[in-house]
Colleague: 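Handing you a structure now.
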Amino acid sequence: MILLDGKKTSQEIKDEIAKEVQKVSEKTGKKPHLAVVLVGNNGASVTYVNAKLKDCKEVGFDSTLVKLSETISEKELLEEVHKLNEDDAVDGYIVQLPLPKHIDEQKVIMAIDPEKDVDGFHPQNLGRMALNLPTFLPATPMGIIDLLDRYNIETGGKHCVVIGRSHIVGLPASILMGRNAYPGNATVTLTHSRTTNLKELLNEADIIIAALGKPNFVTADMVKDGVVIIDVGTTRVVDKSKKSGHRLVGDVDFEKVAEKASYITPVPGGVGPMTRVSLLKNTLMAARRK
Ligand code: NAP
């Protein structure tokens, strides 16, 4: 079994980005600039946003945090989005999700200039992804693709079963795995909570991408020998032995499944760090395009 080390791989990519930033800024006198919009004080969102800003610093990007009140109206938030669309100093930006319930997330995503949509959530960018055109890919699916690529894992002609069809992970991951490219060219089965024969499908899978958010859901009896496991799940479970009081658990029963797998991602340290570095890749791409 080979561990798909997202921490190490993402560090390699960050080092490459930092070198590229130096080149770009020597040429243009400008560094790539990411803005992050944070609405309210949701604990997890604050943690994610801080991590994203820290990543920017590490590779030499400029970054701006746009911190807005939990009570901001949808109209006011849309005005902030329009300001960022117009701001020439900002190459790309994201609006950290989830947003407070009184704001229509889809409306906000639709208002983002697709040329600055470094989360890759705008329908125009998702459409371009589906057509295999150059675009900003959503961060987690891009991280998965990069990890398969960096470890030279064969995907062509393989049967890939994706568990979960969310717009940010499962659905785009299934499109990327099925596209005519490497990594891709897999025969893809996209499964969800209404799938009735999941265990049978998993037993036939060469590659499993688990993104359902149910700790230890995929067990050893569900997978075949030699399977490639990409575990996207990150559920916080109480763990008094940890300083934070919790630990992150994946969707796959790592210990037992690892005994059968050819490659497997750990949680944490697998898909998570790859997701973070994808945002940097998209921001660099946005800066280069300009
Ligand atoms: P989500 O929006 O809650 O979607 C979960 C999906 O799983 C849904 O499509 C659901 O089906 C499906 N599902 C639920 N129970 C199922 C079952 N028993 N069998 C088959 N499918 C089932 O979740 P998400 O946002 O994609 O996130 C999934 C997990 O990945 C979470 O643990 C999240 O924290 C984690 N995550 C990690 C990263 C990272 O960087 N590591 C990034 C994003 C998300 P229906 O559509 O039928 O409801």
Side-chain angles (χ1 to χ4, degrees), residues 3-11 13-14 42-45 47-52 54-55 94-99 105-106 109 118-121 126 136-148 160-177 188-205 208-219 221-223 229-238 244 246-254 264-282:
L3 200 69
L4 294 170
D5 189 339
K7 213 171 159 194
K8 183 171 137 261
T9 309
S10 65
Q11 190 56 54
I13 299 174
K14 271 196 254 179
N42 174 304
S45 292
T47 309
Y48 292 140
V49 165
N50 286 337
K52 288 168 187 176
K54 185 168 158 264
D55 288 342
I94 63 161
V95 178
Q96 184 65 43
L97 302 179
L99 291 171
E105 279 185 3
Q106 205 51 44
I109 290 170
V118 285
D119 255 342
F121 292 163
L126 285 171
F136 301 119
L137 298 177
T140 304
M142 192 209 291
I144 294 170
I145 289 293
D146 281 347
L147 204 50
L148 293 168
C160 174
V161 175
V162 180
I163 319 174
R165 57 178 163 184
S166 75
H167 293 172
I168 60 165
V169 188
L171 177 70
S174 70
I175 293 171
L176 290 174
M177 290 302 288
V188 181
T189 306
L190 179 59
T191 68
H192 42 76
S193 67
R194 308 287 181 93
T195 302
T196 51
N197 59 339
L198 183 60
K199 202 172 165 186
E200 278 162 47
L201 292 165
L202 291 176
N203 262 307
E204 286 169 7
I208 296 173
I209 299 177
L212 70 161
K214 300 221 160 119
N216 299 319
F217 179 89
V218 178
T219 50
D221 59 312
M222 295 179 185
V223 307
I229 299 280
I230 306 291
D231 188 354
V232 184
T234 46
T235 305
R236 276 185 182 198
V237 301
V238 176
S244 60
H246 69 263
R247 72 192 150 90
L248 287 185
V249 179
D251 287 345
V252 177
D253 178 7
F254 182 89
I264 186 166
T265 57
V267 176
V271 175
M274 294 302 293
T275 296
R276 278 172 64 173
V277 86
S278 299
L279 179 62
L280 299 175
K281 281 183 67 181
N282 277 342

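As the structure lists them, so they are numbered: ligands from 1, and atoms in each ligand from 1. Predicted, not measured: the structure shown is a model, and the values here were computed from it.
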Colleague: Write out the residue and atom name of the closest protein heavy atom to atom 47 (O) of ligand 1, then the distance separating them to 0.1 Å.
Modeller: S193 OG, 2.5 Å
Colleague: For atom NE2 of H192, is the number of surrounding heavy atoms from other residues, nucleotides or ligands below 6.0 Å larger than 12?
Modeller: yes
Colleague: Can you list the atoms of ligand 1 that are under 4.0 Å from a heavy atom of I163?
Modeller: 20 (C), 21 (N)
Colleague: Quick one: which ligand 1 atoms are inside 4.0 Å of a heavy atom on G272?
Modeller: 40 (O), 41 (N)
Colleague: Donor-acceptor check, side chain of N42 to backbone of S45, threshold 3.5 angstrom: yes or no?
Modeller: yes
Colleague: For ligand 1, is G233 a contact, meaning one of its heavy atoms is under 4.0 Å away?
Modeller: yes
Colleague: Hey, does the side chain of T140 reach the backbone of T275 with a donor-acceptor pair shorter than 3.5 angstrom?
Modeller: no
Colleague: Identify, for atom 21 (N) of ligand 1, the protein heavy atom at the shortest distance, and state residue, atom and that distance.
Modeller: H192 C, 3.1 Å
Colleague: For ligand 1, which is the ligand I care about here, please tell me if S166 has any N or O atom under 3.5 Å from one of the ligand's N or O atoms.
Modeller: yes
Colleague: In the protein, what heavy atom is nearest to atom 15 (N) of ligand 1, and what distance, to one decimal place, separates them?
Modeller: K214 NZ, 3.1 Å
Colleague: Nearest protein heavy-atom contact for atom 29 (C) of ligand 1: which residue, which atom, what distance?
Modeller: G213 N, 3.7 Å
Colleague: Taking only heavy atoms of G164 into account, list the atoms of ligand 1 that are under 4.0 Å away from them.
Modeller: 6 (C), 7 (O), 9 (O), 12 (C)
Colleague: Could you say whether the N/O atoms of T234 and ligand 1 ever approach to under 3.5 Å?
Modeller: yes
Colleague: So which heavy atom on V252 is nearest to which on N216, and how close?
Modeller: O-OD1, 3.4 Å
Colleague: Would you say I168 touches ligand 1, if touching means a heavy atom closer than 4.0 Å?
Modeller: yes
Colleague: Return yes if some donor-acceptor pair links the side-chain N/O of D119 with the main-chain N/O of A139 below 3.5 Å, else return no.
Modeller: no
Colleague: Hey, is atom 27 (O) of ligand 1 touched by any protein heavy atom at less than 4.0 Å?
Modeller: no
Colleague: Identify the protein heavy atom lying closest to atom 44 (C) of ligand 1, giving its residue, its atom name and the separation to 0.1 Å.
Modeller: V169 CG2, 3.9 Å
Colleague: As a check for students: among T275, V249, V218, identify the option with a heavy atom nearest to atom 39 (C) of ligand 1.
Modeller: T275
Colleague: Closest non-hydrogen protein atom to atom 42 (C) of ligand 1, residue and atom name please, with distance?
Modeller: T140 OG1, 3.2 Å
Colleague: Would you say D251's side chain and G213's backbone share a donor-acceptor pair under 3.5 angstrom?
Modeller: yes
Colleague: Could a heavy atom of V232 be found less than 4.0 Å from some atom of ligand 1?
Modeller: yes
Colleague: Any idea which protein heavy atom is nearest atom 46 (O) of ligand 1, and the distance to it?
Modeller: R165 NE, 2.7 Å
